[in-house]
Amino acid sequence: MQKRGKPAFPGGVHPTDGADKALSMDAAVRQFWPDTVTILSEQSFGGKCRLLVEPGDSVREGQLIGEPEAFMAAPLHASVTGRVLAVKEVRNQGRSLLACIVQREEEHLEPEADYRKEAADLSALSKEEIRKGLRDGGLTGMGGAGFPTHKKYETDKRIDALLINGAECEPFLTCDYRLMLEEGEALVNGVRLLLKGAGADKAYICIEDNKPKAAENLRRILEEALRSGRMKEEERVEVRVLPTKYPQGGERQLVQAVLGREVPMGGLPADAGVIISNVGTARAAADMLLGGMPLTRRIVTVTGCVKEPGNYLVPVGTSAKELVELCGGVTVKNNRVIAGGPMTGPCAASDWDGESELFYVTKNTSGILVLPDSAWEEQPCIRCGACEGVCPAGLTPYKIDIAFLNEDYDLCEKLYASECIACGSCSYICPARRELSVRTRMARDTVKQRMRERAVKKA
Amino acid sequence: MSQTRILNGPHLRTVRTTQKIMFHVALALVPALLGAVYFFGIRALYLTGLSVAVCVLTEYLWQKLTKKQVTVGDFSAVVTGMLLAFNMPVTAPAWIVVVTSVFSILVVKQMFGGIGNNFANPALMGRLLAMVVWPGAVMQYVAPRTLAADAVSSATVLGAVKTGSEAGYSYLQMFLGETPGALGETSKLLLLAGFGYLCYLGIVNAEAALTYIATVLVLTFVFGPAGLFTGDILLNLFGGGLIIGACFMLTDYAFVTRRGRLLYALTAGVITAGIRIFSIYPEGICFGILTANCLAGGLSLLQKKHIYGTKKGGAAV
């Protein structure tokens, strides 16, 4: 329970006791450079790029190899130095996507860079240059749907607050935590860059209270940065510790919990004067603008039922199968492999034998999670209201569920199904094991489609 | 619905299932059942077992015959059976217990769509049926065998007071359960122990129960039998079925906001108190809760809900 007067988001669940994160929390990030990478032309859903290379071409790490073709796309870069083996369709999570397969020919050399050790002087960089860098670096959201970062920052709305999302509220995942611990200096420089690029008054680095070391580390780095004089007083960055509660890191919930405002219905955070970026994105901003390296790699947590859970810094296009092998393979036969966290991550395979390819790491792949497979039978709704109590959007999932099953989409709309954030809390809490989240999300999509059709008719 | 493998998230689910909730509720009623055996003899166990067996069997057969999903393993029929027997005096004929059990499960629960879809508490509807059709047989209370070797016909405490007699029992006896009454309702101590267990597990929210009790007590005290502010609070609290009603029968969920829950409990309380004060019935629990059950749909519209991102609260639908 939150104290009165303190902003917080309503509802939410506590899916675990912390033992899940403990699996990989203390595993320092290790680098892994596979022999080949399979770089998907569509890094996030709907973010299609036109590939610029052909088989046989030599590419260098960081070289542009894909031009955006869709609104959701950002420029795509080679993640290793080597030769293009093939450009072909590959299966990835049930879809066929064009991909560029690159054979690595050179060892990766990590350049020594000051921005990773101390505060950088950013006075030479203008807001426009920063925004251009975000675009050229192919930055996308690294925690959620992979929305192109520059599109968020190139807004004509007045932005007063920047939220840097380090909540990592999904159970099991620890990639953001390790980043905040190990790459704090680069991260803080990135936050300052994003603050300037957004033209906001203040940045808040948001961390759940189950990661006190991360908060402490970033606070120390911020103090040192101010003391060095390279970070100016007017660059206001605050570390904000939030209660551990899922989905604390949900974009809309974060705005509510930190600033006490809400993103208006049908709008974007910018409509509430806020931009939200993941901590990984902030670090990528520093890599691009201070190190000249586009977004070509990320930290991935490999955890759950694997022999040795860990956190790996890998190039985009690394095979998930190879990563699981690197961690000693799966430890349960009846398993379920999930791309991302257990609450919102899609299932990539079940009863995986360790042989077939799973999926390829993209810019927004935060984890590879192996769980024991589970099956449950849906029971009738007992009207306990638990789903309603945990819904952070204030919806009534069980009513939407019934309306959707009755194909009563007018009622779905009246019940605000369009405002579902697909966090999965309702399905998690349901004692009757109803697939509320799946169907509420379907109801949301149907309602939104109907709204669009009506808008077209009107016009 | 068949066993489906849904591979959509979330891949984690809470351990609390319908079955576990109902199992714990049944478990929470066991102390009161043991109390009933102590106070009224082994026939209390026999009637409860009979009622549970008939409830479970009726539900199973109905679901099999109508080819519905068989949910009889969820313990809800067990809870209904226990509560139904708890509402009967130990002298109730077995056949009446059987008929009301079938009625509760078949007509009140299954014909309205099964668990979750029944408009009212099946056990209370069963009691109502028995009260209306066989009032003589199901309101034939006897003194506990700890007080009288033979089953001596005796009015309940509230019944006695209603007709102008003395209560005849101390508050402590009422609290412990050494009074005439329905099987499971007499021992407030054991009922509260069970309710405390459910509160501890977080299965029930005590707010509604407390509101209900407080409403009844305040109203019966203010509008007492001898004029304003003359009601006997402890008598109303411990003398009848207020505790079992509040703790085990009122708790119909579906009220998420505190405002909704309190309104619901308040409604049940006002009607219960009204019946105690103005009608010929000494109890009013059954009517109060059933009326609130029926009004629940309307009351839920008065809950103020806020949908994220909307200016005002979204309309309750």
Side-chain angles (χ1 to χ4, degrees), chain A residues 9-10 13 15-16 171 252-253 256 262-267 336 338 340-347 350 369 371 373-386 388-389 392-396 399 411 414-416 419 421 423-425 427-433 435 437-438 441, chain B residues 1-22 63 68-71 73-74 76 109-110 113-119 202-205 251-258 260-261 296-297 300 303-311 313-317:
Chain A
F9 76 92
V13 293
T16 56
R252 285 157 188 258
Q253 283 57 52
Q256 195 174 19
E262 292 180 16
V263 179
M265 190 175 156
R336 177 184 290 204
I338 295 149
M343 296 301 281
T344 59
C347 177
S350 62
L369 170 63
L371 288 178
D373 202 13
S374 41
W376 36 72
E377 189 185 13
E378 285 196 74
Q379 302 275 332
C381 170
I382 58 168
R383 307 291 195 281
C384 67
E388 192 176 359
L395 308 183
T396 316
K399 286 188 184 169
L411 184 54
K414 274 188 206 152
L415 290 164
Y416 291 92
E419 300 314 297
I421 59 163
C423 66
S425 298
S427 290
Y428 167 78
I429 207 75
C430 179
R433 293 283 189 259
E435 295 296 341
S437 177
V438 174
R441 209 161 54 209
Chain B
M1 259 173 269
S2 64
Q3 190 97 354
T4 45
R5 276 167 50 75
I6 305 266
L7 296 179
N8 287 300
H11 306 282
L12 297 179
R13 302 295 165 103
T14 175
V15 294
R16 182 158 291 165
T17 58
T18 305
Q19 190 187 30
K20 282 188 184 142
I21 292 174
M22 292 300 169
Q63 289 178 338
K68 292 211 164 76
Q69 184 184 10
V70 176
T71 61
D74 65 16
S76 64
K109 190 179 176 191
Q110 292 303 335
I115 186 169
N117 289 314
N118 43 302
F119 68 95
I203 284 175
V204 294
N205 184 309
T251 316
D252 199 13
Y253 301 94
F255 284 96
V256 169
T257 63
R258 167 174 287 180
R261 261 200 308 270
S300 71
Q303 299 191 87
K304 260 192 195 157
K305 283 217 69 185
H306 174 67
I307 309 280
Y308 185 106
T310 55
K311 287 258 162 51
V317 179

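Letters go in sequence order (proteins before strands), and every chain restarts at 1.
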Which atoms of [X] approach chain B - backbone, side chain, both or neither, heavy atom under 4.5 Å:
X	answer
A:Ile338	side chain
A:Thr16	side chain
A:Pro171	side chain

Exercise: identify the closest heavy-atom pair between [X] and [Y]:
X	Y	result
A:Glu378	B:Gln69	O-NE2, 2.7 Å
A:Gln379	B:Thr71	OE1-CG2, 3.7 Å
A:Cys347	B:His11	CB-CE1, 3.7 Å

Rounded at 0.5 Å granularity, tell me how far [atom1] in [X] sits from [atom2] in [Y].
X	Y	atom1	atom2	result
B:Asp74	A:Ile382	CG	CD1	8.5 Å
B:Ile307	A:Thr396	CD1	OG1	6.0 Å
B:Lys305	A:Leu395	NZ	CG	7.0 Å

Audit row: A:Arg383, B:Asn117, side-chain contact (heavy atoms from CB on, under 4.5 Å) steps and yes/no: CA-CA 8 Å; A:Arg383 307 291 195 281; B:Asn117 289 314; 2.6 Å; yes

Is any side-chain heavy atom of [X] less than 4.5 Å from a side-chain heavy atom of [Y]?
X	Y	answer
B:Thr310	A:Glu419	no
A:Arg433	B:Thr14	yes
A:Pro431	B:Lys20	no

Sole residue of A:Ser374, A:Ser427, A:Pro342 in side-chain contact (heavy atoms from CB on, under 4.5 Å) with B:Leu12: A:Pro342

Side-chain donor or acceptor of A:Tyr416 paired with backbone N/O of B:Tyr308 under 3.5 Å: no

Any donor-acceptor N/O pair, A:Tyr428 side chain to B:Pro10 backbone, under 3.5 Å: no

